[in-house]
Amino acid sequence: MKEQKTSFWHKDSTRSVIASLLSILIGLLVGAVLILIVGVSNKSLGLKSAWEGIRLVLFGLFSTGRDASGALTFGFNPTSIGNMLFRATPLILTGLSVATAFKTGLFNIGAPGQYLAGTCATLFIALSIPSEQVSPVIIWLLAFLGGMAAGALWGAIPGMLKALLNINEVITAIMFNWIGLYMVNDIMYGKGKSPMYDLASTKTYSLRKAAPQAMIPSLGMSELFGKLQSVTIAIFIAIFFAIIVYVILNKTAFGYELRACGFNKNAARYAGINEKRNIILAMMISGALAGVGAGLYYLSTVAEWNPQVSTALPAMGFNGISTALLACSNPIGTIFSSLFISYITVGGTKLSTQYYTKEIADVITALIIYLCAFSLLFKNKIRALLVGKAKRVSVGKGGDD
C-alpha cells in the first residue's frame, strides 16, 4: 500500500511557522497603532512624527540619520547590523536552553541563574589564567568551556530534584535563580580581594584592559561591521550550537528519548526509556547552553559585571523564554527569532530621536510573545481552514465524477 505523503501546507512545522508569523504581524500592527495614538495625542509630536516612529520600529536597523532637510534616511548601516548580531548571540543560546527543556516536557525558568553561573566561571577563568604562560586561544576556550560546565552544574540541581524527588522544576529553578545571583555577587566581589574585582573602579575588571587575550577573536568581523569591537565570531558559534542541538534532538536516538519523555513520561518509561536520567540530562544540557550564552556575551567584552549593583536577575535568561516561544521550540527557529527580537530592539533604540521611549519596542516584543502563547489556537485554526478547503476540493472532484 502506497504511503500518502503529507502536503507542505498540512505539515505541523508549516503551521507552526505560519502561527509565529501571524503573531509577529499582529504584534507589529498593534505596536504601530500604539505609536500612532501616542503621536496624535501629543501636540509636540503629531501624525508625521508618528509615521516616522513606525518606520523606525520597522526599519530602524537601516536608519542612517537625517538629511539636510531633516527627513529620515535609510541605507546599509553596518554598526546597527553588528549590534543586532551581537545582541542576538546570547539570545540564541538562552532560547536553545529553554527550547531544549520544552522538548523534554520541562519548563526551564532557571536560565537566568544558569546564565549567572556561566558568567562567574567565564570571568574567573579569563581573568585568572596568566597570558605569559598560556596561549590566548586556550584561555578563551577554557573560559568558554568553564562557563558551559558551570551552567550545566547549576541546571543539573533542579533536574535531579525533579527526577528523584518529583519537585516541580519551576519552583526550584526560581529559587536557584536568586541563590545564584547573590552567590555569584559574593564570589565576584570576594570582600574586594577577588581576582575579578577592581577596587579602584568598584566593578569587575574589564577584560579588554585586564585580559585582552581572553577575548573571543573577531577574525575581521569587527572591521566589517563599523569597527564595533563586540562583534566577533561568537555569532557563528551560537549558530553552530543551534544546528548541533537540532541534530541531537531530531536525528539521534538520545534526542528521540528526550522528546519521548516530553510527549508522555509514563509511556516513555513503559518503552524502557530511563526518564529520570533523561530529565537530569535535559536540564544539564539546558543549563550548559545558558552558560555558553553568558560566555559568548562576556568574552565579547561589551559589558562588565558589577557585583555591587547587581540585585536583579539578567533579562537575557528570561528573554530566552520569548525566543523559544516565538520559535515554537525549534532549535533552528531560535536563530531567526533571536535575530528578529534583536532587530526590533535595535530599531526601538532609534525611537529616542523621535521623542518616543525605546521601551515601545519592548512593548511590541511583549505583544508578539503574548500572542505566541496562542500559537496552538492559531495552528488549530489554520488546520481547520486547510481541512475545510481539502474537503471542499474533494467534494468538487466527486461531483465532477
Test log, rule salt bridge (Lys or Arg N to Asp or Glu O under 4.0 Å), inputs Lys265 and Glu275: CA-CA 7 Å; Lys265 184 172 66 175; Glu275 85 284 358; over 6 Å; no
For Thr64, the option from Thr73, Asn77, Thr79 that meets side-chain hydrogen bond (donor to acceptor under 3.5 Å, both in side chains): Thr73
Are the side chains of [Y] and [X] in contact, using a 4.5 Å heavy-atom criterion?
X	Y	value
Phe107	Glu169	yes
Tyr115	Trp154	no
Lys276	Arg269	no
Leu106	Lys162	yes
Cys120	Ile187	yes
Phe241	Leu289	yes
Glu52	Leu72	yes
Met215	Leu299	no

Nearest 0.5 Å, what's the [atom1]-[atom2] distance between [X] and [Y]?
X	Y	atom1	atom2	answer
Ile341	Arg87	CD1	CZ	12.5 Å
Ile138	Leu145	CD1	CG	11.5 Å
Met284	Ile157	CE	CD1	10.5 Å
Thr334	Leu326	OG1	CG	10.5 Å
Thr172	Phe176	OG1	CZ	7.0 Å
Leu249	Ile332	CG	CD1	10.5 Å

CA sep, side-chain torsions, deciding dist, call: Leu296, Ile237, side chain to side chain contact (heavy atoms under 4.5 Å, CB included): CA-CA 8 Å; Leu296 293 180; Ile237 297 174; 4.1 Å; yes
Looking only at heavy atoms, which two atoms of [X] and [Y] are closest? And how far apart?
X	Y	answer
Thr94	Gly320	OG1-CA, 3.6 Å
Thr232	Pro217	CB-O, 3.5 Å
Ile92	Ala242	CG2-CB, 4.4 Å
Leu339	Ala88	CD2-CB, 3.7 Å
Pro112	Leu313	CB-CB, 4.3 Å
Ile35	Gly53	CD1-O, 3.9 Å

Please check this pair: side chain of [X] against backbone of [Y], looking for a donor-acceptor N/O pair closer than 3.5 Å.
X	Y	result
Ser329	Leu325	no
Asp186	Tyr182	no
Ser337	Thr323	yes
Tyr343	Leu58	yes
Ser128	Phe124	yes

Plane angle bin for Trp140 and Phe144 - parallel if under 30°, tilted between 30 and 60°, otherwise perpendicular: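 Plane angle over 60°, so perpendicular.
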For [X], look at atom [atom1] and say whether over 12 heavy atoms of other residues, nucleotides or ligands are found less than 6.0 Å away.
X	atom1	result
Tyr256	OH	no
Met183	CE	yes
Phe225	CZ	yes
Phe76	CZ	yes
Phe254	CZ	yes

Distance-only side-chain donor-acceptor flag, [X] / [Y], under 3.5 Å:
X	Y	result
Gln114	Asn108	yes
Ser286	Ser97	yes
Ser230	Ser300	no

From CA spacing to verdict: side chain to side chain contact (heavy atoms under 4.5 Å, CB included), Leu61, Met84: CA-CA 8 Å; Leu61 188 74; Met84 179 191 72; 3.8 Å; yes
Verdict with supporting geometry, Val231 and Ser218, side chain to side chain contact (heavy atoms under 4.5 Å, CB included): CA-CA 7 Å; Val231 183; Ser218 172; over 6 Å; no
Worked verdict on Leu123 versus Met188 for side chain to side chain contact (heavy atoms under 4.5 Å, CB included): CA-CA 9 Å; Leu123 291 177; Met188 285 191 168; 3.5 Å; yes
Ring centres under 6.0 angstrom apart (Phe62, Phe74): no
Ring centres under 6.0 angstrom apart (Phe86, Tyr297): yes
